[in-house]
Amino acid sequence: MSGELFDDDVTGVPVAEAFELETAKEYARAALNRAKANARARGFYPGKQAPSRFTEPQVSGARAGGRDPKPLSATLGALLVQRGWNQDVAVGGVIGRWPEIVGKDISQHCTAESFENSILVVRAHSTAWATQLKFLSPEIMRTISAEVGDGVVQEIRVLGPDSPKFTRGKYSVKGRGARDTWG
């Protein structure tokens, strides 16, 4: 047993003898050579770094490559498409550019409040303008479709002005309450 490798077999035959090798060092060299042959068969070579699945191959030269810096707009555009945010950002642009889209006169009398589930909510400053906006909503829809894309905004919901609330203070009357405040 001095320096010899033994198999797990009950026979007690040294591994070196089973593979017809003289020493354990030769057995290790043979195992290494088999591993290298298997690696070469799979396309890997000693000293060559394995290609990564996550990086692009490094190319340098006069042509544009995958490692070259990209403009911020291209990177953000790819991120928006990848995450599915491009529709929400486009509608956010409509809300932010509301005076440009509907015009200065109309934007002075209404504001775009929110966008959820393809419904754009617009609040008018008076009931007369709320009625006017309901009549103008097909034209506004066409303008928004040209700006954002077809089918992004499917409905424009026009709300009237906010009315004052009479439920201030710690004590308030439930139900209709006293109606002597507004003649």
Side-chain angles (χ1 to χ4, degrees), residues 42-45 48-183:
R42 289 183 297 158
F44 299 109
Y45 296 98
K48 181 180 175 187
Q49 188 175 12
S52 175
R53 302 182 307 171
F54 303 110
T55 59
E56 296 177 11
Q58 295 183 1
V59 178
S60 60
R63 293 185 308 267
R67 298 180 62 216
D68 289 342
K70 293 182 175 80
L72 183 61
S73 61
T75 305
L76 284 178
L79 177 69
L80 293 176
V81 170
Q82 177 186 7
R83 301 286 179 156
W85 296 338
N86 51 356
Q87 183 179 20
D88 295 332
V89 170
V91 173
V94 167
I95 292 174
R97 296 183 304 129
W98 183 250
E100 296 172 24
I101 292 172
V102 296
K104 182 180 173 186
D105 296 332
I106 295 174
S107 68
Q108 288 176 349
H109 300 286
C110 65
T111 56
E113 284 191 348
S114 66
F115 174 75
E116 288 183 29
N117 301 330
S118 300
I119 299 173
L120 180 65
V121 178
V122 177
R123 176 144 333 250
H125 296 192
S126 68
T127 55
W129 270 101
T131 305
Q132 185 69 22
L133 284 173
K134 287 180 184 177
F135 289 127
L136 290 174
S137 63
E139 185 177 334
I140 294 172
M141 283 285 290
R142 281 192 294 276
T143 307
I144 290 174
S145 293
E147 289 284 328
V148 177
D150 236 3
V152 175
V153 177
Q154 295 178 357
E155 180 184 347
I156 295 178
R157 188 170 294 160
V158 180
L159 303 176
D162 282 336
S163 60
K165 306 291 186 239
F166 295 106
T167 57
R168 293 193 193 110
K170 195 162 52 170
Y171 303 106
S172 63
V173 178
K174 301 218 186 278
R176 288 181 49 95
R179 296 289 178 202
D180 62 348
T181 55
W182 291 95

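The only member of His109, Arg123, Lys134 that meets side-chain contact (heavy atoms from CB on, under 4.5 Å) when paired with Trp129 is His109. Glu113 pairs in a side-chain contact (heavy atoms from CB on, under 4.5 Å) with only one of the listed residues (Leu120, Ile95, Val121), which is Val121. Just one of Val102, Ile101, Leu136 meets the side-chain contact (heavy atoms from CB on, under 4.5 Å) condition when paired with Thr143; it is Ile101.
When every heavy atom of Glu147 is checked against every heavy atom of Arg97, the shortest pair comes out as OE1-NH2, 2.8 Å. Listed here is the closest heavy atom pair of Ala124 and Cys110: CA-CB, 4.0 Å. Nearest heavy-atom pair, Pro161 versus Ser126, reported as atom, atom and distance to 0.1 Å: CD-C, 3.8 Å.
To the nearest 0.5 Å, the span separating CG on Asn117 from CD on Gln154 amounts to 9.5 Å. The line from CG of Leu80 to OG1 of Thr75 is 11.0 Å long, rounded to the nearest 0.5 Å.
A heavy-atom distance below 4.5 Å is not found between the side chains of Ser145 and Val153. Ile156 has its side chain out of reach of Leu133: every pair of non-hydrogen atoms, C-beta onward, lies at least 4.5 Å apart.
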